[in-house]
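Labels below follow one simple rule: chain letters A, B, ... track the order of the sequence lines, proteins then strands, and each chain is numbered from 1. The shown structure was predicted, so the numbers you read here are calculated from the model rather than taken from an experiment.
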Amino acid sequence: MTEPNAAAIAATRETPEARHRALLWQIVDDYSLIGIFVVLFAVLSMTVQYFFSWDNVVGLALSVSQIGMVACTMMFCLASRDFDLSVGSTVAFAGVFCAIVSNATGSVVIGIGASLVAGALVGFVNGAVIAKLKINALITTLATMEIVRGLAFIASHGQAVGVTSEAFFTLGSAEFLSLPVPVWVTLACFVVFGVLLNKTIYGRNTLAIGGNPDAARLAGVAVDRVRIAIFLIQGLVAALAGIILASRMTSGQPNAGEGFELNVISACVLGGVSLMGGRASISGVLVGVLIMGTVQNAMSLMNIDAFYQYLVRGAILLIAVLVDQLKNRRQSR
Amino acid sequence: MTEPNAAAIAATRETPEARHRALLWQIVDDYSLIGIFVVLFAVLSMTVQYFFSWDNVVGLALSVSQIGMVACTMMFCLASRDFDLSVGSTVAFAGVFCAIVSNATGSVVIGIGASLVAGALVGFVNGAVIAKLKINALITTLATMEIVRGLAFIASHGQAVGVTSEAFFTLGSAEFLSLPVPVWVTLACFVVFGVLLNKTIYGRNTLAIGGNPDAARLAGVAVDRVRIAIFLIQGLVAALAGIILASRMTSGQPNAGEGFELNVISACVLGGVSLMGGRASISGVLVGVLIMGTVQNAMSLMNIDAFYQYLVRGAILLIAVLVDQLKNRRQSR
Amino acid sequence: FAADDPVKIGFVVKQPEEPWFQDEWKYAEQAAKEKGFTLVKIGAPDGGQVLTAIDNLKSQHAQGFIICTPDVKLGPSIVAKAKIDKLKLMTVDDRLVDGAGNPIESVPHMGISASKIGEQVGEAIAAEMKKRGWKPEETGALRISYDQLPTAKERTDGAIAALTAAGFPKANVVNAPQAKTDTENAFNAANIAITQNPKYKHWIAFGLNDEAVLGAVRAAEGRNFRADNMIGVGIGGSKSALNEFAKAQPTGFFGSVLISPKRHGYETSVNMYEWIKNGKAPPQLTFTTGQLITRANAAEIRKDMGL
Amino acid sequence: MTDAPRLEFRHIGKTFPGVRALGDVGFAVRAGSVHGLLGENGAGKSTMMKILGGEYIPDEGEVAIDGQVRHFRKAADAIDAGVAVIHQELQYVPELSVMENLLLGRLPTRFGLVDRHRALAWTRERLDALGVDLDPRAKLKQLSIGQRQMVEIVKAILRDAKILALDEPTSSLSHRETDVLFRLVRDLRTQGKAMIYISHRLDEIFELCDAATIFRDGRKVADFDALEGVTRDALVQRMVGREISDIFGYQPRDHGEVRLSVKNVTGRAAPLPVSFEVRAGEIVGFFGLVGAGRSETMRVIYGADRRTAGEVRVDGQSIKASHIRDAIRHGLVFCPEDRKEDGIIGVRSVSENINISARRNHLTAGLFVNDRNEARTADHYIERLRIRTPHRRQEIRLLSGGNQQKAVLSRWLAEKDLRVLIVDEPTRGIDVGAKNEIYNVLYELAARGVAVVMISSELPEVLGVSDRVVTMCRGRITAQFDRASANEQNVLAAALPESAGSTPIRNA
Ligand SMILES: Nc1ncnc2c1ncn2[C@@H]1O[C@H](COP(=O)(O)OP(=O)(O)OP(=O)(O)O)[C@@H](O)[C@H]1O
Ligand SMILES: Nc1ncnc2c1ncn2[C@@H]1O[C@H](COP(=O)(O)OP(=O)(O)OP(=O)(O)O)[C@@H](O)[C@H]1O
Ligand SMILES: [Mg+2]
Ligand SMILES: [Mg+2]
């Protein structure tokens with residue numbers, strides 16, 4: 001799943017036709033979801049006016065930039081058979097906290113730093129409670145979701161916190177090679193976490209833990225430490241997303257990111273990350289995020305009625321997974 | 001979890017003291033959460049004014065009546081290792097649809113009937129897609145959650161739909177032995193689904209499927225059929241909850257029940273239902289529902305600031321599971 | 001912008017599912033039909049989505065947009081974004097503020113301030129109380145609150161301000177926070193508040209919208225405070241309110257402050273169209289007023305407003 | 001009609017993506033006989049049984065029962081046709097009781113409700129009649145693997161099927177339960193059932209089977225209508241395609257200093273203090289009955305379970321209690337017995353499973369996984385232990401049981417600085433050829449100076465491989481024997497509890 005197996009297959013197969021068939025199917029398996037996305041994109045480009053324009057593509061990328069960042073870490077979380085509902089709250093809290101600290105200290109850098117530390121702390125608490133006290137991840141992160149959201153409201157008195165320093169806004173609005181900074185950050189996240197997943201012990205251990213935590217422990221994987229790290233990094237990245245969002249909006253908003261967690265998790269699952277753990281691919285997650293964003297974008301462009309948008313969103317979600325699952329039918333018996 | 005194992009343990013252990021100790025712990029295991037709730041209730045009764053009054057207890061019961069009904073069926077869903085996010089939407093849609101049909105036909109009975117059928121249909125679609133097409137339950141029900149919510153909005157044009165027949169309102173407001181009808185319905189659900197879980201083949205097969213789907217299938221259990229039944233019944237009960245809610249509010253509201261699914265699932269998990277399937281107890285779910293409702297009720301009675309309520313909710317959730325998990329520490333090797 | 005290009009106007013609202021915004025869109029659509037421009041309707045329930053919506057409008061070559069923002073503090077970023085994307089900007093319902101909390105004067109606005117509506121609610125309740133001759137000290141006021149939403153807080157605070165100005169004791173205001181903004185949660189909040197305060201003979205209720213007040217009315221009914229012991233006044237004049245008025249027997253839902261979605265939707269769109277097409281700048285500030293509808297006059301007033 | 005075999009496979013073929021598991025295979029089983037099915041790991045035996053059980057649909061060919069062709073689409077069809085299969089990978093529901101597992105899918109009801117009393121009484125009665133001592137109310141997760149396997153066997157037998165297939169039923173059973181099982185199988189044979197019996201333990205085949213079929217690489221290579229006069233070597237030759245005269249191939253070695261020293265170690269699940277020592281280059285076999293506490297003790301030593309007291313030293317250095325990674329760092333590793341629960345990471349590849357632990361020694365720049373090195377390691381063991389897999393990237397759950405076991409073993413053999421190797425039932429489900437290969441690996445390691453502890457419930461294996469045999473019974477070490485003095489009688493005697501009858505499985 002993690003990377004094309006085609007070459008490996010070719011090396012050890014038995015008969016030439018079997019080898020060919022296996023190779024072909026493996027390619028279908030590895031790239032089916034990407035194919036779905038390409039088709040979707042092509043069809044939309046041809047049928048929806050303005051869809052295939054630089055402006056729109058950038059807009060699309062911006063609209064999924066927060067989800068994209070956090071989806072990278074959520075992928076790790078799900079791959080290790082965990083679950084994190086607290087990311088939406090962390091996004092909100094980080095934005096508010098960054099704004100407050102920046103205003104208080106007059107330094108945006110301190111604000112950002114403090115906010116990142118706070119996000120990492122939230123993640124650490126999640127991880128420690130889940131790994132060490134062995135409390136169900138759903139309940140734990142539901143609890144921190146509430147608590148952190150509460151902190152965001154308390155810190156901001158329920159009001160958006162404007163940032164006085166103009167420097168802060170460049171983070172969200174500056175462009176580099178005609179792509180806005182948030183998009184670059186998201187791309188960087190995909191690269192970094194893709195490498196982490198596929199090329200490092202951390203990523204491999206994450207997958208092993210998700211595949212079979214007991215076996216991983218007996219094989220000498222520091223299960224607790226890895227799980228804590230996963231949540232900590234997730235908190236950190238969620239905080240980063242929150243800071244960037246605040247910068248884009250020029251204020252920290254305590255009610256930002258509601259429902260964010262479900263969107264992120266859906267994007268991951270759509271991208272083939274198994275909720276049962278052990279299976280994840282960064283390209284899948286990327287495509288999952290893009291499909292979600294593209295559908296929403298196209299619907300706005302097509303001026304689809306708000307109520308009917310619900311239907312379309314639901315239907316697309318179903319169709320995308322359905323097409324992707326067809327490959328499994330073949331394997332099932 | 002499903003029932004005291006004390007006897008079973010007593011038989012397999014070797015020395016008398018070991019046997020005694022095991023028996024004691026098993027009892028603690030089986031009833032610890034109930035104990036937590038009793039303590040919580042007692043403490044609140046003594047410290048919070050008006051908490052321990054008939055009016056308040058009835059109010060508390062009413063406030064969890066919808067969640068309680070659906071938690072019963074969600075328990076089956078989780079126990080069979082599935083997941084259902086669409087219940088909140090179904091609650092809203094059922095209310096709206098019942099109101100519309102009642103108004104159109106002039107008959108409340110037809111309205112209720114149609115609405116129940118619609119709910120069951122939603123559940124059936126969920127179940128069929130998940131069981132037969134083998135699509136991930138999270139994605140499937142997320143899709144139907146969107147679609148059904150969309151239908152609710154479309155059918156009602158986004159407006160609350162009032163019911164003209166006064167007869168309809170008695171369902172929500174009539175009292176019997178000084179308990180309102182919705183509370184009776186919820187109690188009935190707990191009894192019915194408790195019996196279903198523990199005393200019928202359907203319930204036992206549900207647990208078997210959740211515990212090991214392959215084993216169940218190989219033993220000739222009609223796995224697909226049971227899963228579809230679980231979702232169908234869940235849709236039906238969610239519709240019932242929606243109808244009763246509409247009756248209580250005297251109108252069907254398309255935006256009702258947002259976030260309902262998470263509350264229901266949390267109540268179940270808090271009540272010891274395993275997200276990994278195979279483990280569920282009706283008393284646990286009842287207590288889970290009650291703890292959630294009680295905490296919210298007590299906070300309001302204590303006039304806790306809305307922002308701080310988030311903190312308390314989160315903290316209580318954590319503490320409840322933590323105390324409940326302490327027993328597992330002992331078991332973990 | 002060349003004079004013969006087709007005009008395209010965005011209409012961005014914070015809660016697309018809400019009847020109020022559906023109505024605004026409906027009347028904007030009517031204007032589009034009459035004037036022959038394209039209307040793009042986008043829902044943007046949070047700050048991130050507002051920015052996405054503006055990007056989206058730019059991609060489809062809209063020339064301007066009207067927005068009711070989910071948070072007025074988004075002001076500076078919306079203004080900046082509109083400027084970068086060269087889109088004309090007007091606001092409706094909620095007025096943008098800058099970092100310091102002052103209204104951004106440069107953006108044309110049509111609307112009614114949240115505290116103003118709240119005050120109208122308070123005044124309506126106070127008047128009805130007086131008419132019924134209730135003693136303020138025997139009356140409890142249910143503030144169905146949702147302080148997480150700044151608008152909601154302003155509305156309820158406005159109502160309290162008007163009530164106290166009319167001599168209602170502030171101590172009798174009972175805060176009943178709802179966990180979500182639907183009727184059921186309002187019901188639960190109100191129910192508990194009533195339990196806590198058995199001393200009051202009468203109740204009044206106000207909140208963020210009609211649904212909140214409806215929940216309070218239902219809860220009061222459950223505790224035997226019916227039409228003659230309950231005055232609930234909502235905001236919006238939505239179907240929830242009209243359903244109450246349509247019932248055979250009067251309920252505790254006394255009235256609702258109706259604001260005209262027609263003016264907000266239709267007039268703003270036409271103004272924006274004129275601005276783009278003919279360079280005719282819209283008025284900088286238009287304040288509309290709400291009107292109390294009750295069982296007695298609902299139909300009549302709605303007709304007057306062209307609803 | 002009467003001379004039609006009870007069960008006949010005709011020209012069965014089955015291909016998985018990249019693997020031809022079976023090709024044109026057929027054989028027949030008579031009523032009232034036990035038919036042995038043999039073959040290397042991955043030969044296709046389990047696949048055949050899954051086709052019989054309705055779990056897989058064959059690509060080609062058909063299954064005939066009493067001369068009548070049957071097409072099973074799902075497991076329930078096979079059950080309806082009177083077929084019961086005991087799968088190699090145990091398929092039980094851990095959270096349910098023994099009774100419910102035994103009656104899975106067919107609990108008795110009264111007025112629509114489960115009739116627990118009747119079910120309980122019935123289960124008890126049948127268990128007693130079969131001479132199997134299991135508490136019907138205990139949950140499966142509370143039982144040892146051996147007991148779970150016994151439940152699976154009883155579950156199939158209680159179906160009263162006319163065709164019964166047992167896929168390596170004894171892999172987790174030791175002497176006593178095996179005896180119970182054999183008695184049951186013989187009873188069933190006299191009742192006229194047709195049975196297929198798969199095992200890698202050739203003694204069992206000779207002891208039990210009336211006829212046998214041998215598979216190799218998904219094809220049938222031999223059919224024996226009777227086993228009289230067939231030699232063991234002939235079978236092995238047909239199975240693995242080469243001669244293995246002495247499967248153990250033991251060679252004496254010199255023993256060095258004490259490498260592993262265990263002193264008064266106790267744990268939660270192993271409350272009695274245990275002490276023993278193993279020298280460098282020595283292979284110590286631990287023998288005992290199921291539930292003797294060997295696995296528990298070793299888990300505590302390794303740190304997988306909490307150690308409550310005592311000391312473990314490797315080369316004189318003390319190992320931290322309950323700290324697996326510290327043990328591994330000191331070169332002490334443990335290969336668990338339950339490969340499905342504790343061994344394999346099912347959804348990950350063979351290569352991943354082999355490299356998971358040792359890779360920490362082969363990082364590039366201290367951070368990045370060295371793919372080339374890992375591929376080499378994986379391919380090495382795939383070849384050396386003959387792990388039958390289309391490629392190293394295959395998900396390990398798709399391998400045959402024996403091949404999974406080999407991959408899990410490889411994980412530990414790949415450790416660079418191995419000093420103490422504890423293997424728990426290392427040859428469970430492994431074919432004769434590969435067993436031989438594994439023993440050779442153990443000897444090689446021992447020759448390198450590794451101290452090896454091997455838990456095994458196969459007495460010949462313990463006697464054939466070990467330099468020293470240690471017996472355990474009820475959590476205590478009861479005796480030690482040199483290779484010279486150990487024999488079946490004295491080892492078995494030392495492993496048996498003094499008063500029989502209170503062991504988990506009763507001898508009939
Ligand atoms: N679902 C599957 N997908 C892909 N390959 C499979 C699948 N099931 C079995 N195989 C392959 O088919 C071959 C035959 O496997 P099978 O389990 O029948 O072997 P076996 O004879 O039972 O071996 P063992 O003695 O190790 O149990 C193996 O190479 C295995 O890897
Ligand atoms: N009532 C019980 N509750 C929990 N576990 C039990 C119970 N009865 C027996 N067991 C289990 O029995 C097993 C004891 O056997 P253990 O696995 O240590 O023996 P062994 O010598 O390794 O034998 P083998 O591995 O061949 O089964 C343990 O797994 C223990 O947990
Ligand atoms: Mg096999
Ligand atoms: Mg063992």
Against chain C, residues from residues 61-73 of chain B with at least one heavy atom under 4.5 Å, in numeric order, are L62(B), S63(B), Q66(B)
Short side-chain to backbone donor-acceptor contact, S115(B) and G111(B), under 3.5 Å = no
Bottom line for E244(C): the part with an atom under 4.5 Å from chain B's heavy atoms is side chain
Quiz item: Judged by atom type as modelled, is there a donor-acceptor pair below 3.5 Å linking the side chain of S256(C) to the main-chain atoms of L258(C)?
Solution: no
**Main-chain N/O of A28(C) paired to Y266(C) side chain as donor or acceptor, under 3.5 Å** = no
Whatever's closer than 4.5 Å to a heavy atom in chain B on L214(C) counts as side chain
Under 4.5 Å to a heavy atom of chain B? For E211(C) that would be side chain
Classify the side-chain pair N185(C)/N188(C) by whether it contains a donor and acceptor separated by less than 3.5 Å. no
query: Where does the angle between the aromatic ring planes of W203(C) and Y200(C) fall among parallel (under 30°), tilted (30 to 60°) and perpendicular (over 60°)?
result: perpendicular
### Message
Would the distance check show the side chain of R313(B) and the main-chain N or O of M292(B) forming a donor-acceptor pair, the cut-off being under 3.5 Å?
### Response
no
**Asked** Is a side-chain donor or acceptor of T144(B) paired with a backbone partner of T141(B) at a separation under 3.5 angstrom?
**Response** yes
Exercise. Under 3.5 Å, is there a donor-acceptor pair between the side chain of S156(B) and the main chain of G158(B)?
Worked result: yes
Closest non-hydrogen contact found for C68(C) with D94(C) is SG-OD2, 3.8 Å
query: Backbone N or O of K239(C) within a donor-acceptor pair of the N243(C) side chain at under 3.5 Å?
result: yes
Honestly, the part of R149(B) sitting under 4.5 Å from a heavy atom of chain C is neither
Bottom line for L245(B): the part with an atom under 4.5 Å from chain C's heavy atoms is side chain
- Message: Please tell me whether T251(C) and R218(C) have a donor and an acceptor in their side chains that are separated by less than 3.5 angstrom.
- Response: no
Closest heavy-atom pair, F245(C) versus F253(C), reported as atoms and distance to 0.1 Å, is CE2-O, 3.6 Å
Turns out that what part of N175(C) lies under 4.5 Å from chain B's heavy atoms comes down to backbone
Bottom line for F260(B): the part with an atom under 4.5 Å from chain C's heavy atoms is neither
Of the listed T183(C), D182(C), T181(C), the one with the largest count of heavy-atom pairs under 4.5 Å with chain B is T183(C)
**OP:** Say whether E166(B) and Q249(C), considering side chains only, have a donor N or O and an acceptor N or O under 3.5 Å apart.
**Re:** no
Of the listed S300(B), G59(B), S173(B), the one with the largest count of heavy-atom pairs under 4.5 Å with chain C is S300(B)
Cut-off 4.5 Å, heavy atoms of chain B, and the answer for A248(C) is both
- For the pair D71(C) and K14(C), find out whether any cationic side-chain nitrogen is under 4.0 Å from an anionic carboxylate oxygen. no
Okay, Q49(B) and chain C: the region with an atom under 4.5 Å from a heavy atom over there is neither
Exercise for the section: Answer with yes or no whether the side chains of W20(C) and D93(C) bring together a donor and an acceptor at under 3.5 Å. Expected result: yes
Comparing E221(C), Q178(C), Q148(C) against chain B, the one with the most heavy-atom pairs below 4.5 Å turns out to be Q148(C)
When you check the gap from the basic side-chain N to the acidic O, do E29(C) and K41(C) get nearer than 4.0 Å? yes
Taking a cut-off of under 4.5 angstrom between non-hydrogen atoms, the residues of residues 51-58 of chain B near chain C are S53(B), D55(B), N56(B)
Bottom line for V161(B): the part with an atom under 4.5 Å from chain C's heavy atoms is backbone
